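Working notes, structure below.
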Amino acid sequence: MKRVRKAIIPAAGLGTRFLPATKTVPKEMLPIIDRPTLLYIVEEAVRAGIEDIVLIAGRNKEAIEDFFDCSYELQDKLAKDGKHETVEMLIKIQNMANIISIRQKQAIGLGHAVLCGRPIVGDEPCAVLLGDEIMISGPQQQTVTETLAKSYVATGLSTVAIMEVPENEVSKYGIVGGTMQGDGRLRIQAVVEKPAPTQAPSRWALPGRYVFSAEIFQYLEKTKPGKNGEIQLTDAMVEVAKAHGLLGAPLLARRYDAGDKFGYLQANIEMGLEHPEVAPRLREYLKGLLQRI
Ligand code: G1P
């Protein structure tokens, strides 16, 4: 099986859940402490061996491209001030991967966004990482994308991350149903986008990490607008499951929905508690705060 070298990160959404901040700042650039959300996602992909990252961007997303570019004046000033560690950190980010940006001219669904990456991905397998879902794995642990890529290489089958959600949350996600195999992976037979609890095939939800064989594009091309009038990735996944087989790997990482106000706050607090610079003060502050509320 071909190694997974390419990833698509859809980042063309309008970020309406974060207005007014996202009127001018792309939601992917909102920081968790001092690093934009997108950097966590790109790092996860790079740790999985991804070399080319196809960013599906919309209007007003130039800040994302600039972030992975060289900022000569800034680096020059920092170097003159003797801040070599900061310069190195910036250079590391700029050399992290090949960032290739493609415009999605209309926001007509996640499936369409992924299809926009086809000219770059071609006939290779590819990972898809949603730009507002942060997955944190331990330093010794595989990243979620790495687990999916390994499953693809070992089985030849597209593999997606799955996580169990409570019944009252199934309508927020794509939900899959199938049979659990002896190896701990779900053989997926059904995929339904944001079902009502009574229509859900299970409580296994899609948290936004996927590895697909190149066939996904041929199904996306034929996918008609579905739920909410959008071209849904989940509808193409139904066809992949039927024609080739599709696996679900349960999520082992910590996950934050940074596209949601509460999830964003959670990520900032929990990661703040691990950040060497702010952790001690934040811990004391939270302890004091708890006594007051
Ligand atoms: C998208 C997908 C959905 C998935 C979710 C994860 O929905 O369509 O299948 O479960 O991401 O966040 P969205 O949240 O963009 O509406």
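These numbers were taken from a predicted model, which means no experiment stands behind them. Indexing begins at 1, ligand by ligand and atom by atom, following the structure's order.
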Just checking Phe212 against Tyr152, ring centres under 6.0 Å apart?
no

Is the closest N or O pair between Gly174 and ligand 1 shorter than 3.5 Å?
yes

Which is it for Asp257 and ligand 1 at heavy atoms under 4.0 Å: side chain, backbone, both or neither?
neither

So, does Thr234 sit close enough to ligand 1 that a heavy atom of it is under 4.0 Å from the ligand?
yes

Heavy atom of protein closer than 4.0 angstrom to atom 15 (O) of ligand 1
no

For Arg281, is there an ion pair with Glu284 - N to carboxylate O distance below 4.0 angstrom?
no

Any nitrogen or oxygen of Leu110, main chain or side chain, under 3.5 Å from a nitrogen or oxygen of ligand 1?
no

When rounded to the nearest 0.5 Å, the distance separating CD1 of Ile93 from SG of Cys70 is 12.5 Å

Would you mind finding which of Arg209, Met163, Lys194 brings a heavy atom closest to atom 13 (P) of ligand 1?
Lys194

Examine ligand 1 and decide if any of its atoms is less than 4.0 Å from a heavy atom belonging to Lys172.
no

Side chains of Gln142 and Thr147: do they bring a donor and an acceptor to under 3.5 Å?
yes

Proximity of Glu193 to ligand 1 by residue part, where a heavy atom lies under 4.0 Å
side chain

Using the rule that two of Ile, Leu, Val, Met, Phe, Trp, Tyr join whenever any of their side-chain heavy atoms come within less than 4.5 Å, decide whether Ile99 and Ile8 are in one cluster.
no

Using a 4.0 Å cutoff against the non-hydrogen atoms of Tyr173, which atoms of ligand 1 qualify?
10 (O)

Which atoms of ligand 1 are found less than 4.0 Å from any heavy atom of Glu133?
6 (C), 12 (O)

Side chains of Ser151 and Arg185: is there a donor and an acceptor less than 3.5 Å apart?
yes

Give the C-alpha distance, both sets of side-chain angles, the deciding distance and a yes or no for side-chain contact (heavy atoms from CB on, under 4.5 Å) between Thr143 and Met135.
CA-CA 8 Å; Thr143 65; Met135 311 278 177; over 6 Å; no

Could you tell me, atom by atom, which parts of ligand 1 come under 4.0 Å of a heavy atom of Leu130?
6 (C), 11 (O)

If only side-chain N and O atoms count, and only distance matters, is there a donor-acceptor pair under 3.5 Å linking Glu65 with Ser101?
yes

For atom 5 (C) of ligand 1, what is the closest protein heavy atom, and at what distance to 0.1 Å?
Leu206 O, 4.0 Å

